[in-house]
Amino acid sequence: MQLHAFRFNIVGQWAVTTSVDYSLAQLIQVIILLSTGGNNGGGYLASKYEVIAIHAAILLSHAVINSLPIAWLSFFGQFAAAWNMLGVFVLMIAVPAVATERASAKFVFTNFNTDNSAGIHSHLYIFLLGLLMSQYTLLGYDASAHMTEETKNADKNGPIGIISAIGISIMVGWGYILGVTFAVKDIPSLLSPASYFSYNAIAQVFCQAFKSRYGSGVGGIVCLGIVAVAIYFCGMSSVTSNSRMAYAFSRDGAMPLSSVWHKVNKHEVPINAVWLSAFVSLCMALPSLGSLVAFQAMVSIATIGLYIAYALPIFFRVTLARKHFVPGPFNLGRYSVLVGWVAVLWVVTITVLFSLPVMYPVTRDTLNYTPVAVGGLFILVLTSWVVSARHWFKGPVINLS
């Protein structure tokens, strides 16, 4: 089962990098469109091939940065943390402050957009689907675990890093969402395909706010630039996490050509694993050239695959290993089992939610292919275990005396 969790984790990690960097490429597409005249002003809309080229360039830069010595990577990581914190505070204050009209608290906290093109009118259903983006946002906090071999006092600082990442994301993310939502007055016009700022709802909110006050949406484009830089650093950190996961996985002999991906350079950087992660993430974006539906199904693995990888070890901790599990120096004490069961049941719940249709009526183009993508991955993992891996995989390699 360790092998199953590893494989769900590594595929999910690659899918996260794919979705983050492809989202950045699409945001750059929107910024170019707005900077050259907008949707109705003759603005230039990059083609899907140009978006893929931008995506490839972003991945290339991330691979280069992650090939640098650890000291440089640490510097970029600290700069990214500062940028994200300051950037979010600027946006959550500036956007609603600039908007000439702001939504009421009643609208922000009680309104459900039942007048939508998705064909979904149930308040409960809309609320449940709204949880999905939160789950996607709260991914990657296990990066602290993947960096433990390069972290001092990792047995304590690793868990503290995970908890801190979640806590900060919740508080800052909630503030950002509130700031943006208070600047929204008319949802139908926000989502209208005829809008000057269409192709991206957030771009619409930012640019409308500045245009309503100053007659120009340039300030909104600047705000989008702040978001773009934040996403860029997120993708950079994602490649870091991917490469360390691939390195650890290959050290245990659980990847094809493990001896290649396990190598480190003179700076102790798993250089081959870095470039492998960038290459696989590029390949996972290629289906977008043929079908966005196929691409979205693949990216769905980013969330479900990772949460399954998170839940499997917890499940066996609270069941088979409950009596002989040895807690580390940082643990939840007598609450460990209770929290573990809550975590497992929550992952089961969101797995079901992620499999529900997000548009009605359900057709070939609107069907949620998440169960197909995740189920296919599960069948591949299980088949490889039965046919081959169970004969040679012995578990993680112990490298401490």
Side-chain angles (χ1 to χ4, degrees), residues 1-10 12-13 16-17 70 73-74 76-78 80-82 84-85 134-174 233-234 236-249 251-252 268 270 302-303 305-348 350 395-401:
M1 286 302 172
Q2 289 173 325
L3 184 61
H4 296 344
F6 282 157
R7 286 177 172 171
F8 270 106
N9 203 327
I10 189 63
Q13 291 277 355
V16 166
T17 301
I70 301 299
L73 200 57
S74 175
F76 282 116
Q78 293 175 17
N84 286 343
M85 291 291 290
S134 300
Q135 291 301 140
Y136 175 79
T137 304
L138 290 175
L139 279 174
Y141 46 77
D142 58 324
S144 297
H146 301 316
M147 296 294 291
T148 51
E149 294 185 35
E150 300 162 61
T151 304
K152 295 180 179 179
N153 300 319
D155 52 354
K156 293 183 180 180
N157 290 333
I160 291 174
I162 293 175
I163 293 174
S164 300
I166 296 172
I168 293 172
S169 296
I170 290 173
M171 292 186 293
V172 177
W174 177 244
F233 283 123
C234 178
M236 179 201 73
S237 300
S238 186
V239 172
T240 305
S241 183
N242 296 176
S243 61
R244 272 50 179 187
M245 183 68 186
Y247 165 81
F249 201 8
R251 180 191 59 202
D252 299 335
E268 299 298 317
T303 303
L306 278 183
Y307 273 104
I308 290 175
Y310 298 161
L312 282 176
I314 300 173
F315 175 72
F316 291 109
R317 155 70 178 92
V318 297
T319 53
L320 299 180
R322 181 171 179 175
K323 294 184 178 179
H324 59 267
F325 180 83
V326 179
F330 187 100
N331 62 81
L332 300 178
R334 60 180 179 176
Y335 298 106
S336 296
V337 174
L338 174 61
V339 174
W341 274 114
V342 170
V344 171
L345 293 175
W346 179 248
V347 171
V348 172
I350 64 169
V397 174
I398 304 299
N399 60 355
L400 295 175
S401 58

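Basis for what follows: all heavy atoms, side chains included, without hydrogens, waters or symmetry-related copies. Along the sequence shown, residues carry numbers from 1.
In this structure the side chain of Tyr307 reaches within 4.5 angstrom of the side chain of Ile350, judged on heavy atoms.
Every residue two or more places apart in sequence or in another chain that forms a side-chain contact (heavy atoms from CB on, under 4.5 Å) with Phe325 is listed here: Arg317, Ala321, Pro327. With sequence neighbours excluded, no residue forms a side chain to side chain donor-acceptor pair (under 3.5 Å) with Trp174.
The distance from the OG1 atom of Thr240 to the CD1 atom of Ile70 is 8.5 Å, given to the nearest 0.5 Å. Rounded to the nearest 0.5 angstrom, Phe315 CZ and Thr319 OG1 are separated by 4.5 Å.
Taking all atoms of both residues into account, the shortest heavy-atom contact from Pro270 to Ser243 is CG-O, 4.3 Å. In plain terms, the two heavy atoms of Val239 and Thr17 that are nearest each other are CG2-CG2, 3.7 Å.
No donor-acceptor pair closer than 3.5 Å links the side chain of Ser241 to the backbone N or O of Ser237. Distance alone, capped at 3.5 Å, places no donor-acceptor pair between the Ser238 side chain and the Cys234 backbone.
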Only distances under 3.5 Å count here; give the side-chain donor-acceptor pairs of residues 329-341 to other protein atoms, sequence neighbours excluded, each with its distance to 0.1 Å.
| unit_1 | atom_1 | unit_2 | atom_2 | d |
| --- | --- | --- | --- | --- |
| Asn331 | OD1 | Gly333 | N | 2.9 |
| Asn331 | ND2 | Gly328 | O | 2.8 |
| Ser336 | OG | Gly333 | N | 3.4 |
| Ser336 | OG | Gly333 | O | 2.9 |

